[in-house]
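Data first, discussion second: the structure below is written as C-alpha coordinates.
Atom set for the values below is all heavy atoms of this structure, side chains included, hydrogens, waters and symmetry mates excluded.
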Amino acid sequence: MKVFKFGGASINSIERIKNVGDIISKHSNEKLLVVISAMGKTTNALEKVVEAFFEGRKEDALQLFEQVKESHLNVLKYLTVVNWKAAQDQLRDFFTEVEWLLQDKPVRSFDYYYDQVVCVGELMSTAMISHYFTEEKIKHKWIDVRDIIRTDSNFRDAAIDWRYTEQKVKEEIEPLFASYDIVLTQGFIGSTDENESTTLGREGSDYSAAIFANLLTADSLTIWKDVEAVMSADPKAYKNAAIIPALSFTEVIEMAYYGAQVIHPKTIKPLQNKNIPLYVKSFIDPSLPGTTISRQPTKNLPPIIVDKEKQVLIQFRSKDFSFVEDKPIHQLHELFNKIKIKPNLSQNTAISLLCCFDDKAEKIEKLAEEAAQLFDVSLEKNLRLLTIRHYDEDTIRTLTTGKVIVLEQKTGETVQMVMR
Ligand code: ASP
Ligand code: MG
(Lines give C-alpha, C1' and ligand atoms only; values in the text may rest on other atoms or scores of the structure.)
(Ligands and ions follow the chains in the order given, each with its own letter.)
Protein backbone atom coordinates (compact mmCIF):
# COMPACT_ATOMS: atom_id res chain seq x y z
CA MET A 1 0.00 0.00 0.00
CA LYS A 2 1.46 3.33 -1.11
CA VAL A 3 0.34 6.92 -0.82
CA PHE A 4 0.72 9.35 -3.72
CA LYS A 5 0.26 13.09 -3.48
CA PHE A 6 -0.27 15.37 -6.46
CA GLY A 7 -0.17 19.13 -5.93
CA GLY A 8 -1.90 21.96 -7.76
CA ALA A 9 0.79 22.29 -10.42
CA SER A 10 0.46 18.64 -11.42
CA ILE A 11 -3.17 19.14 -12.46
CA ASN A 12 -3.17 22.71 -13.78
CA SER A 13 -4.03 21.74 -17.35
CA ILE A 14 -5.89 19.05 -19.22
CA GLU A 15 -2.62 17.45 -20.34
CA ARG A 16 -1.34 17.39 -16.81
CA ILE A 17 -4.48 15.80 -15.43
CA LYS A 18 -4.16 13.13 -18.10
CA ASN A 19 -0.54 12.72 -17.10
CA VAL A 20 -1.62 12.01 -13.51
CA GLY A 21 -3.92 9.31 -14.90
CA ASP A 22 -0.98 7.85 -16.83
CA ILE A 23 1.26 7.78 -13.77
CA ILE A 24 -1.40 6.05 -11.72
CA SER A 25 -2.15 3.53 -14.48
CA LYS A 26 1.51 2.54 -14.48
CA HIS A 27 1.10 1.40 -10.87
CA SER A 28 -1.90 -0.77 -11.58
CA ASN A 29 -0.52 -3.73 -9.65
CA GLU A 30 -0.42 -1.77 -6.38
CA LYS A 31 -2.83 -0.46 -3.80
CA LEU A 32 -2.73 3.33 -3.87
CA LEU A 33 -4.24 6.04 -1.77
CA VAL A 34 -4.07 9.17 -3.91
CA VAL A 35 -4.26 12.62 -2.35
CA ILE A 36 -4.79 15.54 -4.68
CA SER A 37 -4.94 19.27 -4.03
CA ALA A 38 -6.80 22.03 -5.80
CA MET A 39 -6.09 22.80 -9.46
CA GLY A 40 -3.30 25.31 -10.12
CA LYS A 41 -3.93 28.56 -8.32
CA THR A 42 -7.51 27.78 -7.31
CA THR A 43 -6.83 28.21 -3.59
CA ASN A 44 -5.56 31.76 -4.20
CA ALA A 45 -8.61 32.53 -6.32
CA LEU A 46 -10.95 31.22 -3.62
CA GLU A 47 -9.14 33.31 -1.01
CA LYS A 48 -10.12 36.37 -3.04
CA VAL A 49 -13.74 35.23 -3.00
CA VAL A 50 -13.73 35.00 0.80
CA GLU A 51 -12.03 38.36 1.20
CA ALA A 52 -14.65 40.07 -0.95
CA PHE A 53 -17.46 38.32 0.90
CA PHE A 54 -16.10 39.23 4.31
CA GLU A 55 -15.64 42.86 3.31
CA GLY A 56 -19.31 42.94 2.36
CA ARG A 57 -18.63 43.04 -1.39
CA LYS A 58 -21.13 40.33 -2.20
CA GLU A 59 -21.36 41.00 -5.93
CA ASP A 60 -17.57 40.90 -6.27
CA ALA A 61 -17.46 37.66 -4.31
CA LEU A 62 -20.05 36.05 -6.57
CA GLN A 63 -18.32 37.37 -9.67
CA LEU A 64 -14.94 36.05 -8.53
CA PHE A 65 -16.50 32.70 -7.75
CA GLU A 66 -18.08 32.67 -11.20
CA GLN A 67 -14.57 32.73 -12.69
CA VAL A 68 -13.50 29.76 -10.58
CA LYS A 69 -16.59 27.86 -11.70
CA GLU A 70 -16.03 28.61 -15.35
CA SER A 71 -12.41 27.58 -15.32
CA HIS A 72 -13.36 24.24 -13.79
CA LEU A 73 -16.29 23.61 -16.13
CA ASN A 74 -14.02 24.45 -19.01
CA VAL A 75 -11.47 21.83 -18.07
CA LEU A 76 -14.19 19.32 -17.38
CA LYS A 77 -15.47 19.61 -20.97
CA TYR A 78 -12.19 18.23 -22.25
CA LEU A 79 -11.85 15.48 -19.67
CA THR A 80 -15.20 13.76 -19.91
CA VAL A 81 -17.70 12.79 -22.55
CA VAL A 82 -19.86 9.95 -21.28
CA ASN A 83 -19.51 11.15 -17.71
CA TRP A 84 -19.78 14.81 -18.45
CA LYS A 85 -23.31 15.25 -17.16
CA ALA A 86 -22.74 13.37 -13.91
CA ALA A 87 -19.51 15.25 -13.34
CA GLN A 88 -21.14 18.58 -13.96
CA ASP A 89 -23.93 17.77 -11.54
CA GLN A 90 -21.44 16.95 -8.83
CA LEU A 91 -19.53 20.19 -9.42
CA ARG A 92 -22.76 22.16 -9.36
CA ASP A 93 -23.55 20.76 -5.93
CA PHE A 94 -20.28 22.17 -4.64
CA PHE A 95 -20.96 25.49 -6.37
CA THR A 96 -24.38 25.74 -4.76
CA GLU A 97 -22.96 25.18 -1.28
CA VAL A 98 -20.62 28.12 -1.72
CA GLU A 99 -23.18 30.36 -3.37
CA TRP A 100 -25.65 29.84 -0.58
CA LEU A 101 -23.06 30.94 1.89
CA LEU A 102 -22.09 33.98 -0.19
CA GLN A 103 -25.71 35.14 -0.19
CA ASP A 104 -25.62 35.62 3.58
CA LYS A 105 -23.96 38.34 5.60
CA PRO A 106 -20.85 37.33 7.51
CA VAL A 107 -21.63 36.77 11.17
CA ARG A 108 -18.80 34.42 12.11
CA SER A 109 -15.02 34.74 11.92
CA PHE A 110 -13.14 35.28 8.68
CA ASP A 111 -11.24 32.05 9.24
CA TYR A 112 -14.48 30.09 9.48
CA TYR A 113 -15.74 31.38 6.13
CA TYR A 114 -12.33 30.90 4.63
CA ASP A 115 -12.44 27.19 5.31
CA GLN A 116 -16.04 26.74 4.15
CA VAL A 117 -15.24 28.35 0.79
CA VAL A 118 -11.66 27.33 0.15
CA CYS A 119 -12.30 23.62 0.75
CA VAL A 120 -14.27 23.36 -2.49
CA GLY A 121 -11.01 23.76 -4.44
CA GLU A 122 -9.93 20.23 -3.62
CA LEU A 123 -13.47 18.84 -3.76
CA MET A 124 -13.89 20.15 -7.31
CA SER A 125 -10.49 19.00 -8.56
CA THR A 126 -10.80 15.49 -7.17
CA ALA A 127 -14.40 15.12 -8.35
CA MET A 128 -13.34 16.07 -11.87
CA ILE A 129 -10.41 13.71 -11.82
CA SER A 130 -12.60 10.96 -10.47
CA HIS A 131 -15.01 11.30 -13.38
CA TYR A 132 -12.10 11.39 -15.76
CA PHE A 133 -10.73 8.17 -14.25
CA THR A 134 -14.13 6.56 -14.64
CA GLU A 135 -14.14 7.62 -18.26
CA GLU A 136 -10.68 6.09 -18.69
CA LYS A 137 -11.77 2.91 -16.89
CA ILE A 138 -9.34 3.49 -14.05
CA LYS A 139 -11.26 1.74 -11.33
CA HIS A 140 -11.16 3.71 -8.09
CA LYS A 141 -13.20 5.04 -5.20
CA TRP A 142 -13.61 8.78 -4.59
CA ILE A 143 -13.88 9.78 -0.95
CA ASP A 144 -14.90 13.08 0.63
CA VAL A 145 -12.02 13.35 3.06
CA ARG A 146 -14.14 15.45 5.42
CA ASP A 147 -15.80 12.18 6.43
CA ILE A 148 -12.43 10.80 7.49
CA ILE A 149 -10.12 13.55 8.71
CA ARG A 150 -11.49 14.99 11.92
CA THR A 151 -10.01 18.20 13.29
CA ASP A 152 -10.60 20.78 15.99
CA SER A 153 -12.26 24.04 15.02
CA ASN A 154 -9.11 26.12 14.79
CA PHE A 155 -10.10 27.22 11.29
CA ARG A 156 -7.30 27.73 8.75
CA ASP A 157 -4.82 25.86 10.92
CA ALA A 158 -6.87 23.01 12.26
CA ALA A 159 -5.26 20.28 14.36
CA ILE A 160 -5.95 16.61 13.62
CA ASP A 161 -7.91 14.47 16.03
CA TRP A 162 -5.63 11.50 15.54
CA ARG A 163 -7.70 8.96 17.43
CA TYR A 164 -10.94 9.64 15.67
CA THR A 165 -9.24 9.85 12.30
CA GLU A 166 -7.37 6.61 12.87
CA GLN A 167 -10.60 4.83 13.67
CA LYS A 168 -12.25 6.21 10.53
CA VAL A 169 -9.33 5.11 8.40
CA LYS A 170 -9.58 1.61 9.88
CA GLU A 171 -13.34 1.41 9.46
CA GLU A 172 -13.84 3.18 6.16
CA ILE A 173 -10.65 3.37 4.14
CA GLU A 174 -8.89 0.08 4.79
CA PRO A 175 -11.87 -2.11 3.78
CA LEU A 176 -12.12 -0.27 0.47
CA PHE A 177 -8.85 -1.79 -0.64
CA ALA A 178 -10.53 -5.19 -0.73
CA SER A 179 -12.55 -4.00 -3.75
CA TYR A 180 -10.49 -1.15 -5.14
CA ASP A 181 -6.82 -0.66 -5.95
CA ILE A 182 -7.15 3.11 -5.92
CA VAL A 183 -8.74 5.37 -3.35
CA LEU A 184 -8.83 9.00 -4.45
CA THR A 185 -9.28 11.84 -1.99
CA GLN A 186 -8.50 15.46 -1.13
CA GLY A 187 -5.55 16.98 0.68
CA PHE A 188 -5.57 20.05 2.89
CA ILE A 189 -9.12 19.76 4.23
CA GLY A 190 -10.96 18.06 7.06
CA SER A 191 -13.98 18.66 9.23
CA THR A 192 -15.02 19.26 12.82
CA ASP A 193 -17.38 17.13 14.88
CA GLU A 194 -20.10 19.55 13.80
CA ASN A 195 -19.43 18.90 10.14
CA GLU A 196 -17.89 22.28 9.53
CA SER A 197 -15.13 22.21 6.94
CA THR A 198 -11.62 23.03 8.09
CA THR A 199 -8.24 23.48 6.43
CA LEU A 200 -4.82 22.47 7.68
CA GLY A 201 -2.81 25.52 6.62
CA ARG A 202 -1.59 26.54 3.17
CA GLU A 203 0.24 23.82 1.29
CA GLY A 204 -1.30 21.35 3.71
CA SER A 205 -1.89 18.54 1.21
CA ASP A 206 1.56 17.11 1.85
CA TYR A 207 0.58 16.84 5.47
CA SER A 208 -2.73 15.11 4.62
CA ALA A 209 -0.82 12.56 2.58
CA ALA A 210 1.55 11.95 5.49
CA ILE A 211 -1.40 11.46 7.85
CA PHE A 212 -2.79 8.76 5.57
CA ALA A 213 0.61 7.16 5.11
CA ASN A 214 0.98 6.99 8.87
CA LEU A 215 -2.50 5.66 9.62
CA LEU A 216 -2.37 3.09 6.83
CA THR A 217 1.23 2.19 7.69
CA ALA A 218 2.02 2.67 4.01
CA ASP A 219 5.19 1.33 2.39
CA SER A 220 6.02 4.82 1.19
CA LEU A 221 4.71 8.26 0.35
CA THR A 222 5.50 9.77 -3.02
CA ILE A 223 5.05 13.50 -3.54
CA TRP A 224 4.92 14.22 -7.27
CA LYS A 225 6.31 17.65 -8.12
CA ASP A 226 7.27 19.77 -11.09
CA VAL A 227 10.94 19.60 -10.12
CA GLU A 228 13.37 16.76 -10.78
CA ALA A 229 14.12 16.28 -7.10
CA VAL A 230 14.86 18.28 -3.99
CA MET A 231 17.57 20.76 -4.96
CA SER A 232 20.29 22.39 -2.88
CA ALA A 233 18.98 25.84 -3.88
CA ASP A 234 16.37 27.41 -6.08
CA PRO A 235 17.62 26.52 -9.58
CA LYS A 236 16.05 29.67 -11.00
CA ALA A 237 18.26 31.84 -8.83
CA TYR A 238 21.39 29.68 -8.41
CA LYS A 239 23.02 28.12 -11.41
CA ASN A 240 25.01 25.78 -9.14
CA ALA A 241 21.88 24.31 -7.60
CA ALA A 242 22.40 20.55 -7.33
CA ILE A 243 20.09 17.60 -7.08
CA ILE A 244 20.10 15.94 -3.67
CA PRO A 245 19.46 12.20 -4.13
CA ALA A 246 18.96 11.40 -0.43
CA LEU A 247 18.09 13.32 2.69
CA SER A 248 17.35 12.38 6.26
CA PHE A 249 14.08 13.35 7.93
CA THR A 250 16.02 15.54 10.33
CA GLU A 251 17.76 17.40 7.54
CA VAL A 252 14.42 18.12 5.88
CA ILE A 253 12.99 19.42 9.15
CA GLU A 254 16.02 21.68 9.49
CA MET A 255 15.67 22.91 5.90
CA ALA A 256 11.99 23.64 6.39
CA TYR A 257 12.75 25.44 9.65
CA TYR A 258 15.05 27.83 7.82
CA GLY A 259 12.38 28.45 5.21
CA ALA A 260 13.23 26.05 2.38
CA GLN A 261 10.02 25.43 0.51
CA VAL A 262 10.61 21.76 -0.06
CA ILE A 263 7.84 20.08 1.81
CA HIS A 264 5.25 21.26 4.29
CA PRO A 265 7.09 21.09 7.64
CA LYS A 266 4.35 19.10 9.39
CA THR A 267 4.71 16.31 6.82
CA ILE A 268 7.81 14.72 8.25
CA LYS A 269 6.80 13.68 11.80
CA PRO A 270 4.00 11.24 10.85
CA LEU A 271 6.41 9.55 8.43
CA GLN A 272 9.38 9.56 10.73
CA ASN A 273 7.32 8.03 13.55
CA LYS A 274 6.54 5.00 11.44
CA ASN A 275 9.75 4.95 9.45
CA ILE A 276 7.94 5.46 6.14
CA PRO A 277 10.20 6.74 3.35
CA LEU A 278 9.18 9.81 1.39
CA TYR A 279 9.99 10.03 -2.30
CA VAL A 280 9.97 13.36 -4.08
CA LYS A 281 9.57 12.67 -7.77
CA SER A 282 8.98 14.55 -11.00
CA PHE A 283 5.56 14.13 -12.55
CA ILE A 284 7.04 15.50 -15.75
CA ASP A 285 9.61 12.74 -16.00
CA PRO A 286 8.76 9.90 -13.61
CA SER A 287 11.75 7.89 -14.83
CA LEU A 288 14.10 10.26 -12.94
CA PRO A 289 15.19 8.95 -9.55
CA GLY A 290 14.14 12.02 -7.52
CA THR A 291 14.97 12.32 -3.84
CA THR A 292 14.54 9.73 -1.11
CA ILE A 293 13.90 11.06 2.38
CA SER A 294 14.27 8.54 5.16
CA ARG A 295 15.77 7.80 8.55
CA GLN A 296 19.08 7.08 6.90
CA PRO A 297 21.55 9.76 8.06
CA THR A 298 22.94 11.76 5.16
CA LYS A 299 26.60 12.48 4.70
CA ASN A 300 28.43 14.76 2.28
CA LEU A 301 25.56 17.07 1.56
CA PRO A 302 26.34 20.01 -0.68
CA PRO A 303 25.85 23.50 0.76
CA ILE A 304 22.09 23.98 0.93
CA ILE A 305 20.96 27.54 0.33
CA VAL A 306 17.77 29.14 1.55
CA ASP A 307 17.32 32.70 0.41
CA LYS A 308 14.55 34.82 1.90
CA GLU A 309 13.88 38.20 0.39
CA LYS A 310 11.75 41.04 1.74
CA GLN A 311 13.11 40.85 5.24
CA VAL A 312 12.89 43.53 7.87
CA LEU A 313 15.29 43.85 10.78
CA ILE A 314 13.86 45.37 13.93
CA GLN A 315 15.90 46.56 16.84
CA PHE A 316 14.16 46.64 20.21
CA ARG A 317 16.26 48.71 22.53
CA SER A 318 15.66 49.27 26.22
CA LYS A 319 14.53 52.83 26.82
CA ASP A 320 16.82 53.52 29.75
CA PHE A 321 19.91 51.70 28.48
CA SER A 322 19.38 49.01 31.06
CA PHE A 323 19.99 45.41 30.11
CA VAL A 324 17.28 43.68 28.16
CA GLU A 325 16.32 41.01 30.62
CA ASP A 326 13.85 38.18 30.97
CA LYS A 327 10.75 40.17 31.65
CA PRO A 328 10.78 42.57 28.67
CA ILE A 329 11.91 39.73 26.41
CA HIS A 330 9.01 37.69 27.64
CA GLN A 331 6.62 40.57 26.98
CA LEU A 332 8.00 40.89 23.50
CA HIS A 333 7.46 37.21 22.77
CA GLU A 334 3.91 37.50 24.00
CA LEU A 335 3.47 40.30 21.55
CA PHE A 336 4.85 38.14 18.72
CA ASN A 337 2.35 35.44 19.63
CA LYS A 338 -0.51 37.87 19.74
CA ILE A 339 0.33 39.27 16.31
CA LYS A 340 1.15 35.78 15.01
CA ILE A 341 4.55 36.69 13.76
CA LYS A 342 7.77 34.75 14.27
CA PRO A 343 11.30 36.05 13.94
CA ASN A 344 13.38 34.19 11.38
CA LEU A 345 16.48 35.10 13.34
CA SER A 346 17.08 36.91 16.59
CA GLN A 347 20.08 38.06 18.52
CA ASN A 348 20.58 39.67 21.91
CA THR A 349 23.02 42.41 22.69
CA ALA A 350 23.42 43.97 26.13
CA ILE A 351 20.78 46.61 25.70
CA SER A 352 18.84 45.48 22.69
CA LEU A 353 17.25 42.60 20.87
CA LEU A 354 17.52 42.29 17.10
CA CYS A 355 14.92 40.31 15.16
CA CYS A 356 14.56 39.60 11.48
CA PHE A 357 11.04 39.02 10.12
CA ASP A 358 9.29 38.48 6.82
CA ASP A 359 8.07 41.93 5.89
CA LYS A 360 4.33 41.45 6.17
CA ALA A 361 3.56 45.15 6.22
CA GLU A 362 0.44 45.12 8.38
CA LYS A 363 1.89 42.89 11.07
CA ILE A 364 5.20 44.71 11.15
CA GLU A 365 3.47 48.04 11.57
CA LYS A 366 1.39 46.72 14.43
CA LEU A 367 4.40 45.11 16.06
CA ALA A 368 6.49 48.27 15.84
CA GLU A 369 3.69 50.34 17.22
CA GLU A 370 2.92 48.12 20.20
CA ALA A 371 6.54 47.35 21.01
CA ALA A 372 7.26 51.08 21.10
CA GLN A 373 5.47 51.19 24.45
CA LEU A 374 8.20 49.01 25.91
CA PHE A 375 11.26 49.72 23.80
CA ASP A 376 12.86 52.19 21.47
CA VAL A 377 12.12 50.59 18.15
CA SER A 378 14.01 51.08 14.91
CA LEU A 379 13.71 49.10 11.72
CA GLU A 380 15.36 48.53 8.38
CA LYS A 381 13.51 47.09 5.41
CA ASN A 382 14.46 45.48 2.09
CA LEU A 383 16.98 43.08 3.50
CA ARG A 384 17.73 39.48 2.59
CA LEU A 385 18.20 36.57 4.90
CA LEU A 386 20.56 34.01 3.51
CA THR A 387 20.90 30.65 5.22
CA ILE A 388 23.53 28.14 4.19
CA ARG A 389 23.51 24.69 5.71
CA HIS A 390 26.70 22.66 5.42
CA TYR A 391 28.44 25.85 4.39
CA ASP A 392 32.00 26.18 3.17
CA GLU A 393 34.05 29.34 2.93
CA ASP A 394 33.89 29.34 -0.86
CA THR A 395 30.12 29.37 -0.91
CA ILE A 396 29.93 32.09 1.72
CA ARG A 397 32.38 34.23 -0.23
CA THR A 398 30.57 33.78 -3.54
CA LEU A 399 27.20 34.65 -2.06
CA THR A 400 28.24 37.63 0.01
CA THR A 401 30.61 39.46 -2.32
CA GLY A 402 29.48 43.05 -2.73
CA LYS A 403 26.88 42.72 0.05
CA VAL A 404 26.83 44.35 3.45
CA ILE A 405 26.23 41.84 6.22
CA VAL A 406 24.10 43.42 8.90
CA LEU A 407 23.82 40.43 11.19
CA GLU A 408 25.42 37.02 11.16
CA GLN A 409 24.99 33.81 13.15
CA LYS A 410 27.05 30.71 12.73
CA THR A 411 26.87 27.23 14.17
CA GLY A 412 28.84 24.18 13.12
CA GLU A 413 26.31 23.35 10.42
CA THR A 414 24.51 26.53 9.56
CA VAL A 415 25.35 30.12 8.83
CA GLN A 416 22.66 32.78 8.59
CA MET A 417 23.29 36.28 7.32
CA VAL A 418 21.02 39.26 7.09
CA MET A 419 22.29 41.26 4.13
CA ARG A 420 21.75 44.65 2.61
N1 ASP B 1 -4.52 23.84 -2.23
C2 ASP B 1 -3.87 24.19 -1.01
C3 ASP B 1 -2.91 25.34 -1.21
O4 ASP B 1 -2.70 25.78 -2.32
C5 ASP B 1 -3.22 23.05 -0.34
C6 ASP B 1 -2.07 22.43 -1.09
O7 ASP B 1 -1.95 22.60 -2.30
O8 ASP B 1 -1.26 21.76 -0.45
O9 ASP B 1 -2.33 25.81 -0.24
MG1 MG C 1 0.52 22.98 -3.65
Side-chain angles (χ1 to χ4, degrees), residues 3-25 32-50 64-80 83-84 86-99 114-136 138 140-149 182-191 197-209 212 222-226 264 283:
V3 178
F4 279 5
K5 182 260 171 172
F6 292 93
S10 67
I11 51 164
N12 67 3
S13 67
I14 293 137
E15 287 67 36
R16 286 198 169 174
I17 293 176
K18 293 187 171 174
N19 177 54
V20 167
D22 291 345
I23 292 177
I24 287 173
S25 302
L32 293 180
L33 182 114
V34 181
V35 170
I36 301 190
S37 54
M39 261 179 72
K41 301 268 174 250
T42 305
T43 306
N44 293 355
L46 290 168
E47 281 182 342
K48 297 263 177 308
V49 174
V50 195
L64 287 164
F65 189 58
E66 204 58 42
Q67 291 168 18
V68 174
K69 284 163 58 177
E70 265 166 40
S71 65
H72 282 75
L73 289 173
N74 229 341
V75 171
L76 187 68
K77 271 201 309 234
Y78 295 96
L79 286 178
T80 50
N83 277 300
W84 179 75
Q88 218 197 33
D89 286 349
Q90 195 181 2
L91 286 194
R92 293 217 180 270
D93 286 345
F94 297 135
F95 298 164
T96 310
E97 267 182 54
V98 172
E99 280 162 344
Y114 181 100
D115 285 1
Q116 310 319 301
V117 172
V118 164
C119 72
V120 295
E122 347 293 286
L123 291 163
M124 294 186 298
S125 68
T126 55
M128 283 176 20
I129 292 169
S130 170
H131 287 283
Y132 169 68
F133 282 4
T134 306
E135 192 109 356
E136 291 294 305
I138 303 175
H140 71 284
K141 177 79 180 166
W142 179 90
I143 293 286
D144 183 336
V145 85
R146 295 174 301 175
D147 297 330
I148 309 292
I149 293 201
I182 298 163
V183 174
L184 171 63
T185 196
Q186 306 80 38
F188 178 53
I189 67 177
S191 94
S197 301
T198 51
T199 65
L200 309 177
R202 284 304 306 263
E203 302 297 328
S205 297
D206 291 354
Y207 181 42
S208 305
F212 277 113
T222 305
I223 296 185
W224 297 89
K225 286 173 98 62
D226 57 358
H264 192 284
F283 61 74

(Q) Glu99: which residues meet the side-chain contact (heavy atoms from CB on, under 4.5 Å) condition with it, sequence neighbours left out? (A) Leu62, Phe65, Glu66, Lys69, Phe95
**Q.** Which residues share a side-chain contact (heavy atoms from CB on, under 4.5 Å) with Thr42, sequence neighbours left out
**A.** Ala38, Met39, Leu46, Val68, His72, Met124
Q.
Would you compute the distance between atom CG of Leu184 and atom CH2 of Trp142 and round it to the nearest 0.5 angstrom?
A.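 Output value for this atom pair is 8.5 Å.
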Just jot down the salt bridge (charged side-chain N to carboxylate O under 4.0 Å, His left out) partners of [X], sequence neighbours excluded, or say none.
{"X": "Asp144", "answer": "Arg146"}
{"X": "Arg92", "answer": "none"}
{"X": "Asp206", "answer": "Lys5"}
{"X": "Glu136", "answer": "none"}

Q: Give a yes or no on whether a salt bridge exists between Arg202 and Glu47, defined as a side-chain N under 4.0 angstrom from a carboxylate O.
A: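 The answer is yes: the pair qualifies as a salt bridge.
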Q: Please list, chain by chain and in numerical order, all residues satisfying ring-ring contact (aromatic ring centres under 6.0 Å, His included) with His140, sequence neighbours excluded.
A: Phe133
Using the test side-chain hydrogen bond (donor to acceptor under 3.5 Å, both in side chains), find all partners of [X] that sit at least two apart in sequence or belong to another chain.
{"X": "Thr185", "answer": "none"}
{"X": "Glu97", "answer": "none"}
{"X": "Gln67", "answer": "none"}
{"X": "Gln90", "answer": "His131"}

Q) Is a side-chain donor or acceptor of Gln88 paired with a backbone partner of Asn83 at a separation under 3.5 angstrom? A) no
Please set out all donor-acceptor pairs under 3.5 angstrom arising from side-chain atoms of residues 12-23, sequence neighbours excluded.
{"unit_1": "Ser13", "atom_1": "OG", "unit_2": "Arg16", "atom_2": "N", "d": "3.1"}
{"unit_1": "Arg16", "atom_1": "NH1", "unit_2": "Ala9", "atom_2": "O", "d": "2.8"}
{"unit_1": "Asn19", "atom_1": "ND2", "unit_2": "Phe283", "atom_2": "O", "d": "2.9"}

